[in-house]
J.: 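Here it is: the structure, laid out below.
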2 protein chains.
Amino acid sequence: MPSDAEPAPVSAKTPVTLREVAAAAGVSVATASKALNGQGRMTAETRERIRETARQLGFRPNHLAQSLLRKRSFTVGLLTNDTYGRFSLPLMAGVSDALVDNGVSVFLCNVEDDPRLGQMHVEAMLDKRVDGIIATGKRIDRHLPVDLSNLRVPVVYAFTQPDPGAVGLVSDDAGGARLAVEHFLRLGRRRIAHVSGPASFAVVHTRAQAYRDVLEEHSLPVSEPLLGQWSEGWGRDAVAKLFSNGRGREGWPDAVFCGNDQIARGVIDALRERGIGVPEDVGVIGFDNWEIVAEATRPPLTSVDMNLAALGREAGLALLSLVGGQPAAPGIRKLPCRLVVRQSCGRPPGG
Amino acid sequence: MPSDAEPAPVSAKTPVTLREVAAAAGVSVATASKALNGQGRMTAETRERIRETARQLGFRPNHLAQSLLRKRSFTVGLLTNDTYGRFSLPLMAGVSDALVDNGVSVFLCNVEDDPRLGQMHVEAMLDKRVDGIIATGKRIDRHLPVDLSNLRVPVVYAFTQPDPGAVGLVSDDAGGARLAVEHFLRLGRRRIAHVSGPASFAVVHTRAQAYRDVLEEHSLPVSEPLLGQWSEGWGRDAVAKLFSNGRGREGWPDAVFCGNDQIARGVIDALRERGIGVPEDVGVIGFDNWEIVAEATRPPLTSVDMNLAALGREAGLALLSLVGGQPAAPGIRKLPCRLVVRQSCGRPPGG
DNA sequence: GCGATTTGGGAAAAGGTTTTCTCAGAGGGA
DNA sequence: TCCCTCTGAGAAAACCTTTTCCCAAATCGC
């Protein structure tokens with residue numbers, strides 16, 4: 001009965017310990033440990049026999065015991081206040097990816113905007129001896145409601161405001177805005193408007209400044225960005241302002257760079273309702289590349305993607321190297337955005 | 001200098017151990033442990049002195065050591081394959097809420113649809129001695145790509161297909177559909193259509209059947225549900241079918257119950273483009289109550305909310321009671337939906 | 001004043017693993 | 001044959017906390 005040879009070692013009800021493996025193999029726990037970890041000296045025969053025994057018994061080392069001894073838990077905490085998830089999800093996925101590949105697990109800690117909750121989570125993580133903490137948020141210019149300075153574990157900030165002297169990763173919003181405006185220029189568009197979110201967001205100004213810079217570099221007229229809300233409704237309202245009859249048809253923009261995809265969707269909808277063709281008459285570019293929105297617009301929306309998954313991955317790796325003792329240059333590192341071209345801008349004249 | 005009395009015990013670089021507390025207080029570790037945990041017998045004075053010492057030193061017990069001893073890690077794993085997050089995020093938030101209140105941390109494990117990744121995560125969790133596992137997904141009628149039967153820890157399934165004999169929590173889709181259709185009926189609407197997603201989803205049939213049931217209970221004509229995609233585009237196409245001239249104006253529906261909010265948005269947009277008034281001429285109800293969509297439609301969309309956060313909370317509590325040794329009734333428990341009324345259905349005739 | 005009970009607190013084991021010593025035996029050189 | 005060096009493997013400490021058992025001193029009853 002060869003099929004009975006392996007008695008299904010998969011997860012018995014009670015975990016088998018190293019001591020049991022050692023007993024079964026007729027050696028001491030010390031030898032068993034060394035055999036399984038490739039440490040110490042022993043005959044190849046002994047080593048293999050112990051390994052085989054462990055395999056048959058389905059032995060898996062208890063990470064709690066290992067962590068206790070090594071003072072390294074292979075666990076990190078991920079702090080976020082983005083319950084909504086549009087930004088934090090790809091970020092978290094990236095962090096998780098990078099860490100799981102290195103055998104590190106991730107504690108998910110939602111702190112909302114509640115300092116008390118944040119404090120609780122941080123203490124719980126510290127008590128569980130996480131190797132490090134990644135702080136993420138929903139906007140770059142706000143702190144999480146928790147104090148992460150002077151912790152005894154390294155901290156990396158991703159897509160949220162870092163403490164001074166800490167390691168932070170954010171998207172290069174200015175670069176992303178440049179991508180958008182330069183794309184318009186390559187397509188031959190010259191009267192480019194910018195519709196964005198509330199002035200209280202730092203990124204609004206960063207992107208607006210990049211928009212101005214590009215136009216000035218090309219000696220093109222800069223029209224003052226229209227700031228409002230991050231909503232479709234504001235996008236529609238902005239179209240009413242930009243395409244008012246008072247300005248005369250020739251004063252109308254031939255391109256609109258929007259601060260996010262929802263605004264862009266409002267802009268596209270309003271343009272269609274006015275009988276203005278996208279992309280024939282006006283090109284539109286959004287920001288965030290929120291696929292569910294960008295692919296539902298008519299036509300599908302060209303948008304700037306902040307590469308948040310990659311950012312999360314970088315954050316994970318940065319934390320890992322800090323945990324490993326590598327000194328990382330403190331300060332904010334900006335990661336490039338990319339433009340995802342769909343159909344809301346048309347083709348270049350020659351294309 | 002009274003302000004120097006407390007030397008900022010917050011998180012020194014190296015954690016202070018019970019042994020150090022004991023030494024500082026001039027007692028044994030055993031006594032120190034008992035003093036801090038309210039166990040054993042000693043003078044109130046001794047107990048308080050030890051506690052005060054611990055406080056001053058900023059002592060926090062090492063959970064790894066505690067877990068090792070208690071065989072309980074106060075940690076659970078959360079498995080999901082919903083990278084997109086529309087469903088899993090509120091679910092996760094609910095789970096997290098329920099658990100954090102009980103001092104339990106959550107490992108986030110994204111398994112995509114990759115069995116190998118799923119296996120890795122489950123093994124990592126088991127090695128880290130999680131107390132239990134919560135499996136969540138993006139649809140009720142599919143298994144996660146991992147085998148969770150015969151684990152040595154309890155498992156609870158939330159919003160994903162449970163193993164037979166396991167504890168599963170899902171939304172009551174039939175009940176949710178009833179809420180929608182009955183709402184239409186209360187408003188005096190009688191020619192109610194149903195536009196839903198692909199036939200490959202079990203919920204599509206569940207909701208469609210509930211739709212039929214309610215109409216039949218009221219002896220109203222049932223028109224066959226239109227099945228298509230979960231997209232705005234399909235919503236628009238469905239309107240073209242439902243409101244074709246061939247049917248004659250009197251054959252047009254006066255209400256459309258949609259399988260999700262994106263379909264509903266497509267329906268509303270298409271109706272507006274045809275000059276059909278919502279809610280005056282036609283009422284529309286969506287499903288999922290995805291706020292970002294429901295609040296952006298014109299008018300804002302009335303929608304069925306699956307209460308996923310509550311579902312997550314229940315799942316967390318269910319797991320906790322299993323971990324605590326309470327035997328839970330296996331099988332699927334359905335949690336009620338609720339109707340979120342906005343403006344896409346109008347008011348009742350008398351209201 | 002003496003035995004019995006209570007009181008306050010400590011010693012030690014347990015939990016599972018890793019790592020440093022230590023040590024017995026085998027082999028090699030003189 | 002004797003001494004030295006290797007080799008293979010085990011004993012024990014360490015990580016940090018909890019808990020059981022135990023003991024000395026104090027208190028009580030008579």
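Computed from a predicted model, the values in this text were never measured in an experiment. Sequence lines set the chain letters: A, B, ... in the order given, protein chains first and strands last, and positions in each chain run from 1.
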J.: Which residue, B:Arg129 or B:Ser28, contacts DNA chain C at a nucleotide closer to its 5' end, judged by nearest heavy atom?
T.: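 It is B:Ser28 whose nearest nucleotide is closer to the 5' end.
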J.: Taking A:Ser88 as the fixed residue, which of A:Val95, A:Asp82, A:Leu78, A:Asn81 is the one that meets the side-chain contact (heavy atoms from CB on, under 4.5 Å) rule?
T.: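 Of the listed residues A:Val95, A:Asp82, A:Leu78, A:Asn81, the side-chain contact (heavy atoms from CB on, under 4.5 Å) partner of A:Ser88 is A:Asp82.
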J.: I'd like to know if the side chain of A:Arg129 and the backbone of A:Thr75 have a donor-acceptor N/O pair within less than 3.5 Å.
T.: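 The answer is no, because no donor-acceptor pair under 3.5 Å joins these two groups.
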J.: Check the distance between D:dC15's P and A:Leu69's CG and give it to me in whole angstrom.
T.: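 It works out to 9 Å between those atoms.
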J.: Where each residue is assigned the nucleotide of DNA chain D containing its nearest heavy atom, which of A:Arg47 and B:Ala65 is assigned the position nearer the 5′ end?
T.: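 Counting from the 5' end, the first nearest nucleotide belongs to A:Arg47.
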J.: So, B:Lys128 versus A:Ser105: side-chain donor-acceptor pair below 3.5 Å or not?
T.: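 Present: a donor and an acceptor within the cut-off.
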J.: Kindly state each residue pair satisfying ring-ring contact (aromatic ring centres under 6.0 Å, His included) with at least one member in residues 89-139 of chain B, sequence neighbours excluded.
T.: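 Passing the test, one end in residues 89-139 of chain B: A:Phe107-B:Phe107.
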J.: Using a cut-off of strictly less than 4.0 Å between a heavy atom of the residue and any atom of DNA chain D, enumerate the qualifying residues of residues 29-37 of chain A by number.
T.: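 Per residue number, the list reads A:Ala30, A:Thr31, A:Lys34.
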J.: Within this structure, what is the CZ-to-C1' distance between B:Arg19 and C:dA11, rounded to whole angstrom?
T.: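 Going from CZ in B:Arg19 over to C1' in C:dA11 covers 13 Å.
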J.: Quick one: are A:Leu99 and A:Leu320 in side-chain contact, heavy atoms under 4.5 Å?
T.: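 Counting from C-beta outward, A:Leu99 and A:Leu320 do come under 4.5 Å.
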J.: For the residue pair A:Ile133 and A:Leu151, establish whether any side-chain heavy-atom pair is separated by less than 4.5 Å.
T.: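 Contact flag for A:Ile133/A:Leu151 side chains = yes.
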J.: So B:Thr46, base contact, sugar-phosphate only, or nothing? Heavy-atom distance under 4.0 Å.
T.: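 Sugar-phosphate contact only - B:Thr46 comes under 4.0 Å of backbone atoms but never of a base.
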J.: If I take atom NZ in residue A:Lys71 and atom P in nucleotide C:dT17, what distance separates them, rounded to the nearest angstrom?
T.: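 The answer, rounded to whole Å, is 18 Å.
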J.: Before accepting this row, confirm whether a basic side-chain N of the pair B:Glu52/B:Arg49 lies closer than 4.0 Å to the acidic partner's carboxylate O.
T.: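 Result for this pair is no, no salt bridge flagged.
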J.: Would you kindly give the CD-to-C1' distance between A:Glu45 and D:dA9, to the nearest whole Å?
T.: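 Rounded to whole Å, this separation is 13 Å.
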J.: Please report the distance, rounded to the nearest Å, between CZ in B:Phe74 and C1' in D:dT17.
T.: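 It is 14 Å, rounded to the nearest whole Å.
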J.: With a 4.0 Å cutoff (strictly under), does any side-chain N or O of A:Gln39 reach OP1 or OP2 of C:dT18?
T.: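 Checking C:dT18 against A:Gln39, no side-chain N or O comes under 4.0 Å of OP1 or OP2.
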J.: Take the protein atom CZ of A:Arg70 and the nucleotide atom P of C:dT19, then report the distance between them rounded to whole Å.
T.: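 Checked: the CZ to P distance equals 7 Å.
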J.: How many Å lie between CE on B:Met42 and P on D:dA25, as a whole number?
T.: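 Taking atom P of D:dA25 as the reference, CE of B:Met42 is at 19 Å.
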J.: Distance check needed: D:dT18 P versus B:Arg72 CZ, whole Å only.
T.: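 The distance from CZ of B:Arg72 to P of D:dT18 comes to 15 Å, rounded to the nearest Å.
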J.: Which nucleotide, D:dC16, D:dG10, C:dT18, lies nearest any side-chain atom of A:Gln66?
T.: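 Nucleotide nearest to A:Gln66's side chain: C:dT18.
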